[in-house]
Protein chains: 2
Amino acid sequence: MSDRELIVKHLGLRGHRVTGSRRRVLDALLAAPAHFTVDDVLQRAPGVGRATVFRTMKLLQDMNVVCRVLMEDGSLHYRLSTTGHHHHLLCRHCGRIEDFVNCDVSALVTELSSNTEFEIEGHWLEVYGRCQSCRARSAGPADKRAIGSAADVG
Amino acid sequence: MSDRELIVKHLGLRGHRVTGSRRRVLDALLAAPAHFTVDDVLQRAPGVGRATVFRTMKLLQDMNVVCRVLMEDGSLHYRLSTTGHHHHLLCRHCGRIEDFVNCDVSALVTELSSNTEFEIEGHWLEVYGRCQSCRARSAGPADKRAIGSAADVG
DNA sequence: ACTCTAACTGATACTTAGTCTCATGTCAGA
DNA sequence: TCTGACATGAGACTAAGTATCAGTTAGAGT
Ligand SMILES: [Zn+2]
Ligand SMILES: [Zn+2]
Ligand SMILES: [Zn+2]
Ligand SMILES: [Zn+2]
């Protein structure tokens, strides 16, 4: 069973209708590159209305089919996702993204909980850097896929 | 020397002009509550143009006078800041914010660096939860200062 | 004090991201 | 196949921010 069929099935099971527009949006983002904007989807899903694309993205997000990625310039991209909670490592230089799930964010949270009087319920974390292949062909000038002024650089 | 005088002096030293508009924006945000939007500033700085407020906020941000806070609903707020890199603990229930600087994010970064082949250059982290006083008067219904659907809840 | 100019300004038009409304269309269960 | 709740597209609208530009001004140099 293809990715698309799986998702469609999942939609059905959750009581959502499987409509033409939703199928076109799905096809669009399954064919899209590793991360993309709502606008990318709009252009790849001909005939589907703007509002519908936004609505569908939100639906898929709630279903963990896609996740949102906060780019360093503050814009939001989307990415196919299977797992629930996880974080991203973004290469500033080539735009590549890797997920990390098993990393010890929970240790940080635990530490914070005991240091402060807050009860921690959630968090948002994105990490920016330079991937292996970009390090390899290093001293080259960075391209523009992940520009940043919004970065909380640490 | 007052906060304002200090900042004004700092502006001057960095070669920025100290104009009426900038003074009005400064007064506005020094009088504002613990965190506020650009729009709040606009309303508290009568006569200052929209674009100028945005420009001034960016300037003050570059000077570490203010920092940006990513609310759980995705909107951006500002907050007076003195230190450079730090993170925020936001109470979802009363809107209170605490900074944390000394927390071991660097351990996480180090771990990530060795687990992945990324060279980590920056990150963005916000933490959401419930502050001590909100926990004290617990079972009460949450108010609406920090609503969230955008949360990356972990 | 006077001049000069780069820095700054407000108005306004524009862009981008997303929401709302509403009349029309359609999926899927009976 | 009927039917109505769900979904849709068009387009108006909001919110957040940027670009342009003609006019103003801070403040350095004299
Ligand atoms: Zn790379
Ligand atoms: Zn940090
Ligand atoms: Zn609280
Ligand atoms: Zn996490």
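Atoms considered below: every heavy atom in the structure, side chains included; atoms not considered: hydrogens, waters and symmetry mates. Protein chains get the first letters and strands the later ones, always in sequence-line order, with residue 1 at the start of each. If you're wondering where the values come from, they're calculated on a predicted model, not measured in any experiment.
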Which atom pairs link the protein and nucleotides 20-23 of chain C when you take only N or O atoms and keep those under 3.5 Å?
none

Result block: side-chain N/O donor-acceptor pairs under 3.5 angstrom for residues 36-46 of chain B, not counting sequence neighbours:
from	atom 1	to	atom 2	distance (Å)
Thr37(B)	OG1	Asp39(B)	N	3.3
Thr37(B)	OG1	Asp40(B)	N	3.0
Thr37(B)	OG1	Asp40(B)	OD1	3.4
Thr37(B)	OG1	Asp40(B)	OD2	3.2
Asp40(B)	OD2	Thr37(B)	N	2.8

First and last nucleotide of DNA chain D in contact with chain B, 5' to 3', at under 4.0 Å to a heavy atom: what are they?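 It runs dA16(D) to dG27(D).
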Between OG1 of Thr56(B) and CG of Leu26(B), what distance do you get to the nearest 0.5 Å?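 The OG1 atom of Thr56(B) sits 8.5 Å away from the CG atom of Leu26(B).
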Any residue meeting side-chain contact (heavy atoms from CB on, under 4.5 Å) with Ser75(B), in chain and number order, not counting sequence neighbours: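 Checked Ser75(B) against side-chain contact (heavy atoms from CB on, under 4.5 Å); matches are Met71(B), Asp73(B), His77(B).
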Using side-chain contact (heavy atoms from CB on, under 4.5 Å) as the criterion, list what pairs up with Thr110(B), not counting sequence neighbours.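 side-chain contact (heavy atoms from CB on, under 4.5 Å) list for Thr110(B), sorted by chain: empty.
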What pairs with [X] under side-chain hydrogen bond (donor to acceptor under 3.5 Å, both in side chains), at least two apart in sequence or on another chain?
X: His88(B); value: His86(B), Glu126(B)
X: Arg55(A); value: Thr52(A)
X: Ser114(A); value: none
X: Asp99(B); value: Arg79(B)

Leu76(A), Phe54(A): one ILVMFWY side-chain cluster at the under-4.5 Å cut-off?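 In one cluster: no.
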Pairs where residues 17-32 of chain B contributes a residue and the test side-chain hydrogen bond (donor to acceptor under 3.5 Å, both in side chains) is met, not counting sequence neighbours: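 side-chain hydrogen bond (donor to acceptor under 3.5 Å, both in side chains) check on residues 17-32 of chain B returns Arg4(B)-Asp27(B).
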Annotated protein contacts, base or backbone, on nucleotides 25-30 of chain C with a non-hydrogen cut-off under 4.0 Å, one of B, S, - each: -BBS--
Determine to 10° how strongly the helix from dA1(C)-dT30(D) to dA30(C)-dT1(D) is bent, judged from the axes of its five-pair ends.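 One end's axis against the other's: 30°.
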